Amino acid sequence: MSERLETLKKARERMADDRHVFAKVLAAPFDRDKAERARIKFIETQALIDALDRAIEGEQIGPAT
């Protein structure tokens, strides 16, 4: 596996861990401030995970010819 692909996969794993933390806050008893911050961070983190997934896919396919 290339170093770039390995780096992307590690970054994705770390972001998935962060997403889980935000989901736990959202699932906890409601606290408006915490829930609002966690919701925003969850959405931002999910967007980053989606971008990392696309980058990983691009690395696995190889360069466009």
Side-chain angles (χ1 to χ4, degrees):
M1 182 176 347
S2 77
E3 181 180 344
R4 292 187 325 191
L5 183 56
E6 187 174 326
T7 299
L8 289 167
K9 286 185 175 186
K10 285 180 183 179
R12 190 204 186 284
E13 183 177 339
R14 180 163 296 156
M15 291 301 100
D17 290 343
D18 286 353
R19 179 183 59 191
H20 180 69
V21 172
F22 298 130
K24 286 175 81 173
V25 172
L26 292 169
F30 187 72
D31 177 324
R32 186 176 188 91
D33 286 340
K34 285 182 184 179
E36 286 179 5
R37 282 183 293 211
R39 184 174 55 244
I40 291 167
K41 295 303 286 180
F42 183 92
I43 292 167
E44 290 173 350
T45 304
Q46 184 61 47
L48 179 54
I49 289 170
D50 292 342
L52 286 165
D53 285 342
R54 290 189 304 273
I56 290 168
E57 185 178 328
E59 285 292 322
Q60 291 174 335
I61 292 171
T65 54

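Nothing here was measured: the structure is a model prediction, and the numbers come from that model.
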Visitor: Enumerate the residue pairs fulfilling salt bridge (Lys or Arg N to Asp or Glu O under 4.0 Å) with a member in residues 19-36, sequence neighbours excluded, ordered by first and then second residue.
Guide: R32-E36
Visitor: Enter the distance from K9:NZ to Q60:CD here, rounded to the nearest 0.5 Å.
Guide: 5.0 Å
Visitor: In the single-linkage hydrophobic clustering (I, L, V, M, F, W, Y; side-chain heavy atoms under 4.5 Å), do I56 and M15 co-cluster?
Guide: yes
Visitor: Decide if atom CD of E13 counts as having more than 12 heavy atoms of other residues, nucleotides or ligands within a radius under 6.0 Å.
Guide: no
Visitor: Using the test side chain to side chain contact (heavy atoms under 4.5 Å, CB included), find all partners of I43 that sit at least two apart in sequence or belong to another chain.
Guide: R39
Visitor: Does L52 form a side-chain contact (heavy atoms from CB on, under 4.5 Å) with L48? I'd like the steps, not just the answer.
Guide: CA-CA 6 Å; L52 286 165; L48 179 54; 4.2 Å; yes
Visitor: Let me confirm one number: the CG-CD distance from D18 to E44, rounded to the nearest 0.5 Å.
Guide: 11.5 Å
Visitor: Contact between T45 and I49 at the side-chain level, heavy atoms closer than 4.5 Å - yes or no?
Guide: yes
Visitor: Between E6 and K10, is there a side-chain heavy-atom distance shorter than 4.5 Å?
Guide: yes
Visitor: Flag the pair I40 / R37 as yes when at least one side-chain heavy-atom distance between them is below 4.5 Å, and no otherwise.
Guide: no
Visitor: Going by the salt bridge (Lys or Arg N to Asp or Glu O under 4.0 Å) test, which pairs reach into residues 46-56, not counting sequence neighbours?
Guide: R12-D53
